[in-house]
2 protein chains.
Amino acid sequence: MLDAERDVQARLGDHPLDFASLDAISNIYRAAGSVRRRAEHELLSSYGLSFGGFTIMWVLWVWEEMETARLAEECGVAKGTLTGMLTTLEKQGLVSRNRVESDKRRVLVDLTPTGQTTIAELFPKFNAFEAKMSGGLSIEEKHELARLLRVVVANASDD
Amino acid sequence: MLDAERDVQARLGDHPLDFASLDAISNIYRAAGSVRRRAEHELLSSYGLSFGGFTIMWVLWVWEEMETARLAEECGVAKGTLTGMLTTLEKQGLVSRNRVESDKRRVLVDLTPTGQTTIAELFPKFNAFEAKMSGGLSIEEKHELARLLRVVVANASDD
DNA sequence: TTCTGATCGTTTGGTACCAAACTAATTTCC
DNA sequence: GGAAATTAGTTTGGTACCAAACGATCAGAA
């Protein structure tokens, strides 16, 4: 990466380059992309799940039945995106949608029994995968990584 | 996140949960997604660029003319994906494709003069954006974040 | 030479993803 | 009580993204 730093600085001329920020932020995507692809390849594809689909199921497993809006928020996707992903999961028989009687605009999403079984079997494997992806880091380093990332998330979420 | 930890542990029963790994890895996506959306919103949309399109232009700016295969690798996308993104950038007049005379399978991609101007103007703003997204972190913390992420990338790239 | 295998970029088919427009249901305010 | 504003989820139109199949080109061997 030092070559890049020198080259970028050359392009910028006298414009100062904040390389530390570039280094921190640009590595976030690189890491996210490579871990995501690896997870889909190595683990999720055999369950017919995308990374996003897995995330939905995990959230529902932990917090149980949930409205669409909150589910989208928890999963970090737009609500329109969630509609399509839920349709996919519904076709696979993994989640169910139920209109709320008292307010028919709302929809409650929940895991089906099949979905429950699937995520209960899958999650331990996924957690082991996460351990492998963070292999070589101490527990303190893992928590430090999470802490630093939370600062970035907070910055990016400011309104 | 501590509620989640307790809830997940409850679901897992006696199965041990590696929460530190979960914490580290799951925050990577959250951070990547929120920073990406913010960048597109706040900065890239006014240039008509997606995050991926910006990445391509940045790589070409730093390393200059490059073959498709290496460009895809540098940008962290599949080569088929790159084809479509290059078509978009080509339509916008920002990059050009040129077949290599000595080996007509190969294609060299480069920035057009317009592309050069665009990225030279945009990059300082993007770097300032990166600084904002990593605001509140010291220089040492930024480099530590990058270092920890590189470990993850290396783990995810193992064959 | 010509056949075989490898390599490069593109195409294809499909999901994921977003923002904005839309529809239906509910609440607010006069 | 009814029009207007608000809210929830879906639909729409478009890009991004992947893996696998494809077509063209090149390199090597018989």
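Proteins come first, then strands; the chains are lettered A, B, ... in the order of their sequence lines, and each starts at number 1.
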Chemist: Grouping I, L, V, M, F, W and Y whenever their side-chain heavy atoms are under 4.5 Å apart, do A:Trp63 and A:Leu122 come out in a common cluster?
Modeler: yes

Chemist: Taking the nucleotide of DNA chain D with the closest heavy atom to each, which residue, A:Arg70 or A:Arg37, is nearer the 5' end?
Modeler: A:Arg70

Chemist: Using the C1' atoms of the five pairs at each end, what is the angle between the end axes of the helix from C:dT1-D:dA30 to C:dC30-D:dG1, to 10°?
Modeler: 10°

Chemist: Please work out if B:Arg97 contacts a base, only the sugar-phosphate, or nothing of the nucleic acid, heavy-atom cut-off 4.0 Å.
Modeler: sugar-phosphate

Chemist: Taking side-chain hydrogen bond (donor to acceptor under 3.5 Å, both in side chains) as the definition, give me every residue that meets it alongside A:Tyr29, ordered by chain and number, with sequence neighbours left out.
Modeler: none

Chemist: Only counting residues at least two apart or in another chain, list the ones meeting side-chain hydrogen bond (donor to acceptor under 3.5 Å, both in side chains) with B:Lys104.
Modeler: none

Chemist: Considering residues at least two apart in sequence or located in another chain, which fulfil the side-chain hydrogen bond (donor to acceptor under 3.5 Å, both in side chains) criterion with A:Glu121?
Modeler: A:Tyr47

Chemist: Hey, is B:Lys132 close enough to B:Glu42 for a salt bridge, meaning N to O under 4.0 Å?
Modeler: yes

Chemist: Using a strict cut-off of less than 4.0 Å between a Lys/Arg side-chain nitrogen and an Asp/Glu carboxylate oxygen, indicate whether A:Arg147 and A:Glu141 qualify as a salt bridge.
Modeler: no

Chemist: Please identify each residue that fulfils side-chain hydrogen bond (donor to acceptor under 3.5 Å, both in side chains) with B:Glu40, with sequence neighbours left out.
Modeler: none

Chemist: Can A:Arg37 and A:Phe51 be said to form a side chain to side chain contact (heavy atoms under 4.5 Å, CB included), step by step?
Modeler: CA-CA 8 Å; A:Arg37 245 161 298 166; A:Phe51 198 87; over 6 Å; no

Chemist: By the 4.0 Å heavy-atom rule, please label B:Arg99 as base, sugar-phosphate, or nothing.
Modeler: nothing

Chemist: What is the distance from atom CZ of B:Arg30 to atom CD1 of B:Ile25, rounded to the nearest 0.5 Å?
Modeler: 14.0 Å

Chemist: Please list, by residue number, the residues of residues 80-92 of chain B whose heavy atoms come closer than 4.0 Å to an atom of DNA chain D; answer none if no residue qualifies.
Modeler: B:Thr81, B:Met85, B:Thr88

Chemist: Under 4.0 Å from any atom of DNA chain C, heavy atoms only: list the residues of residues 40-57 of chain B that qualify, in numerical order.
Modeler: B:His41

Chemist: If the condition is salt bridge (charged side-chain N to carboxylate O under 4.0 Å, His left out), which residues does A:Arg105 pass it with, not counting sequence neighbours?
Modeler: A:Asp103

Chemist: NA contact type, A:Gly76, heavy-atom cut-off 4.0 Å: base, sugar-phosphate, or nothing?
Modeler: sugar-phosphate

Chemist: Protein-nucleotides 1-8 of chain D N/O pairs closer than 3.5 Å?
Modeler:
| from | atom 1 | to | atom 2 | distance (Å) |
| --- | --- | --- | --- | --- |
| D:dT7 | O2 | A:Arg105 | NH1 | 2.9 |

Chemist: Pairs of donor and acceptor atoms involving the side chains of residues 64-74 of chain B, under 3.5 Å and at least two apart or interchain, shall be tabulated with distances.
Modeler:
| from | atom 1 | to | atom 2 | distance (Å) |
| --- | --- | --- | --- | --- |
| B:Glu64 | OE2 | A:Arg11 | NH2 | 2.3 |
| B:Glu67 | OE1 | B:Arg106 | NH1 | 3.1 |
| B:Glu67 | OE2 | B:Arg106 | NH1 | 3.3 |

Chemist: How close do A:Asn127 and B:Pro16 get, heavy atom to heavy atom, and via which atoms?
Modeler: OD1-O, 4.3 Å

Chemist: Taking the side chain as C-beta and beyond, is there a heavy-atom pair between B:Met133 and A:Ser21 under 4.5 Å?
Modeler: no

Chemist: Which side-chain N or O atoms in residues 83-96 of chain A pair as donor and acceptor under 3.5 Å with protein atoms at least two apart or in another chain?
Modeler:
| from | atom 1 | to | atom 2 | distance (Å) |
| --- | --- | --- | --- | --- |
| A:Thr83 | OG1 | A:Lys79 | O | 3.4 |
| A:Thr87 | OG1 | A:Thr83 | O | 2.9 |
| A:Thr87 | OG1 | A:Arg97 | NH2 | 2.8 |
| A:Thr88 | OG1 | A:Gly84 | O | 3.2 |
| A:Glu90 | OE1 | A:Arg97 | NE | 3.3 |
| A:Glu90 | OE1 | A:Arg97 | NH2 | 3.3 |
| A:Gln92 | NE2 | A:Gly48 | O | 2.8 |

Chemist: Do A:Trp61 and A:Leu108 belong to the same hydrophobic cluster, where Ile, Leu, Val, Met, Phe, Trp and Tyr are linked whenever their side-chain heavy atoms lie under 4.5 Å apart, directly or via other members?
Modeler: no

Chemist: Shoot me the first and last contacting nucleotide of DNA chain C against chain A, ordered 5' to 3', at under 4.0 angstrom to non-hydrogen atoms.
Modeler: C:dA16 to C:dT26

